[in-house]
Amino acid sequence: MGNSANKPELIIDGRRLDGRTPEQLRQIKITANPIRNAAGSAFIEWGNNKILAAVYGPREALPKHTQDPNRAVIKCRYTMAPFSSLEEHGRPGMNRRAIEISKVTREVFENVILTDLFPGNEISIFIEVLQSDGGTRAAGITCASVALAASGIPMRDMPFAVSVGKASDTLIIDMNKIEDNYSNADMPVAINPRTKEINLLQMDGELTPEEVHRGLEMIQKAGETITKIQREALKAPYEKVNEKYKASI
Ligand code: CDP
């Protein structure tokens, strides 16, 4: 969120700068398993974000001192490619922000992966942002969820994430970068859709308790769409096989 003196009006006649209504998500497209060498992978195009997630493991946790004799350890690395940002001073690779996003993403998946089935092992999640336009941590979590499901690693739920923000006193879902820069608040949230549990909640800026409540409702509603897109991505390869089979009989 920026505090520029010439702050643009983010909502005009009920529409956002990209034509969306306050409750409208950007276009989301997910492809499951684009990377052959990973146990599972996914590619997400979420508005102008393009993000790849790849999962490796379960495999012996190395170095050995990272092993937990009772469960698998989850390792997560979120990075932005050097060409992913328009910001002149955007710093690609691991920096404080990337370390923070890697940590919160790891915690989301520690809560859903059945880690006690794989003592001594590690499961690694790599999230590579190829093109960014606001909301990359949410899109990265949504994408990594599909990569994990595609790998067959057992999970109790398939999280999705999206953020809600506030601009011109209106709550808006799924902010893009301009909205993120000039909004009054940004609240990225990850949810386990089966139980509706909140798995991650961060907040930048200020929202009243009522706005947080209303924002969470908007996120749960948007989640119905996001979960559907995640599931369809997982089913798509099997549907192709099915079509081929039907054509052969
Ligand atoms: O991406 P997300 O909204 O989860 O995180 P953020 O720290 O609020 O960043 C918002 C947006 O700023 C990112 O999505 C990028 O588009 C942009 N950004 C960038 O271009 N270069 C950076 N080093 C950091 C952020």
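This is a predicted model, so every value here is computed, not measured. Whatever order the structure lists ligands and atoms in, that order sets their numbers, starting from 1.
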Under 3.5 Å between any N/O of [X] and any N/O of ligand 1: does that happen in this structure?
{"X": "Ser132", "value": "yes"}
{"X": "Thr136", "value": "yes"}
{"X": "Arg137", "value": "yes"}
{"X": "Arg97", "value": "yes"}
{"X": "Met80", "value": "no"}

Exercise for review: With sequence neighbours excluded, tell me which residues meet ring-ring contact (aromatic ring centres under 6.0 Å, His included) with Phe43.
Suggested key: none
Practice item. Between Asp133 and ligand 1, find which residue part has any heavy-atom pair under 4.0 Å and reply side chain, backbone, both or neither. Key: backbone
Review point. Should side-chain heavy atoms under 4.5 Å link Ile, Leu, Val, Met, Phe, Trp and Tyr, which residues sit in the same cluster as Tyr56?
Key: Phe126
Exercise for review: Answer yes or no: is there a donor N or O on one side and an acceptor on the other, between the side chain of Arg106 and the main chain of Lys75, under 3.5 Å?
Suggested key: no
Check your understanding: Counting N and O atoms only, with roles assigned by atom type, does the side chain of Asp180 sit under 3.5 Å from a partner on the main chain of Asp186, one being a donor and the other an acceptor?
Key -> no
Exercise for review: Please confirm whether Gly134 comes under 4.0 Å of ligand 1, counting heavy atoms of the residue only.
Suggested key: yes
Point to revise | N-O pairing of Arg20 and Asp174 below 4.0 Å | key: yes
Practice item. Indicate yes or no: does Arg96 engage Glu100 in a salt bridge with an N to O separation below 4.0 Å. Key: no
